[in-house]
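In what follows, a structure is listed as structure tokens, so that the remarks can point back to it.
No experiment lies behind these values; they were computed from the predicted model shown. Chain identifiers are assigned alphabetically (A, B, ...) following the order of the sequence lines, protein sequences preceding nucleic acid strands; residue numbering begins at 1 within each chain.
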There are 2 protein chains.
Amino acid sequence: MNESVSDENFLDCPFASVQKVVRGKWSMVILYFLSQRVLRFGELNRKMPMVTQAYLTKELRLLEEYGLVNRKVYPQVPPKVEYSLTPLGEKFLPVLKALENFAVDCQDYQA
Amino acid sequence: MNESVSDENFLDCPFASVQKVVRGKWSMVILYFLSQRVLRFGELNRKMPMVTQAYLTKELRLLEEYGLVNRKVYPQVPPKVEYSLTPLGEKFLPVLKALENFAVDCQDYQA
DNA sequence: CGGCATCCAATTGGATACTG
DNA sequence: CAGTATCCAATTGGATGCCG
């Protein structure tokens, strides 16, 4: 069900391969905030108070695994962890921009 | 695009309002095929054999509800139903294009 | 042909409490 | 401060069968 996308009737569908990035409920918002600047875990969480810290951790781990987010741990007490976009993460920004434009279009249509 | 999402108006966040479109596992693939041409239900299903018809129906209904897809029923026997993009659906295409580009970037990074 | 209804499995999202 | 660990609720995805 996972990697066997060699269905000949199917495509070399690029969407299937990247959709996982966009599926997490808050992943795009995370990427948006990190595109503005490097953020510590607590800072990011405060910008997204509707997300529990446990879930924020999970999504950050996923984005890290996908190679879009970098996690830098400072060996201190108390701990300090900074999150930032990787070069690949930066390459996702045009998608965010396109989605932003689309959101505007949506509002126009509702008016 | 900078200050439109300040630290507190996360609810105005355009991504949150639009993410539902992109969450369905196959919604982007559906939109991609429909961007190529108008398709009957069966045609679309044959292009996506990994999706059961019941689920394809569900996603199409959602995309219709979101205003991206138009469903045209021909009152015939046997039934004929054609799906196409609405004007709003067309406006989603830049997002698909951006995602496509990103998919290419992903592959570059894996190499 | 293009559904719908039903039921079920899997995945996701989230609350809460505890920790180095 | 930035997490784990656990448990649970909600949502999603999917199989199967019937219908006009």
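B:E59 comes within 4.0 angstrom of the backbone, heavy atoms only, and of no base. Among the heavy atoms of the strands lying under 4.0 Å from A:Y83 are primed sugar atoms or P, OP1, OP2 only; no base atom is included.
For the pair A:K20 and A:Y66, the cation-pi test (distance below 6.0 Å, angle within 45°) is passed.
Taking the six-membered ring for Trp and thresholds of 30 and 60 degrees, B:F92 and A:F102 have ring planes more than 60 degrees apart, a perpendicular arrangement.
If you find the closest nucleotide of DNA chain D to A:K80 and to A:Q19, the one lying nearer the 5' end belongs to A:K80.
Counting distance only, with no hydrogens placed and no angle test, the side-chain atoms of B:Q53 and the base atoms of C:dG3 include a donor-acceptor pair under 3.5 Å. In this model, a side-chain donor or acceptor of B:K58 finds a partner on the base of D:dG14 within 3.5 Å.
In the set C:dC4, C:dC1, D:dC1, the nucleotide with an atom closest to the side chain of B:A54 is C:dC4.
Distance B:L44 CG to C:dC1 C1': 14 Å, rounded to the nearest Å. Regarding A:L60, its CG atom lies at a distance of 8 Å from the P atom of D:dG3, rounded to whole Å. Summarising the geometry, the separation between CZ on B:F41 and P on C:dC4 is reported as 9 Å, rounded to the nearest angstrom. Counting to the nearest Å, the P atom of D:dT12 and the NZ atom of A:K20 are 20 Å from each other. One interatomic measurement links the two molecules: CG of B:L62 to P of C:dG3, which rounds to 14 Å at whole-angstrom precision. Summarising the geometry, the separation between CG on B:L56 and C1' on C:dC1 is reported as 13 Å, rounded to the nearest angstrom. Distance, B:Q76 CD to C:dG2 C1': 12 Å, rounded to whole Å. When the P atom of D:dC1 is taken as reference, atom CG of A:N45 falls 11 Å away, rounded to whole Å.
When the side-chain nitrogen and oxygen atoms of B:K25 are compared with OP1 and OP2 of C:dT11, none of them lie within a distance under 4.0 Å. Taking 4.0 angstrom as the limit, B:R61 places a side-chain polar atom (N or O) nearer than this to OP1 or OP2 of C:dG3. For C:dG3, one of the phosphate oxygens OP1 or OP2 lies less than 4.0 angstrom from a side-chain nitrogen or oxygen of B:R71. An OP1 or OP2 oxygen of D:dC1 is reached within less than 4.0 angstrom by no side-chain nitrogen or oxygen of A:R40.
The shortest side-chain heavy-atom distance between A:M28 and A:L31 does not fall under the 4.5 Å cut-off. Between B:M50 and B:W26 the shortest side-chain heavy-atom distance falls below 4.5 Å.
Salt-bridge check for A:E43 with A:R37: passed, with a basic side-chain N closer than 4.0 Å to an acidic carboxylate O.
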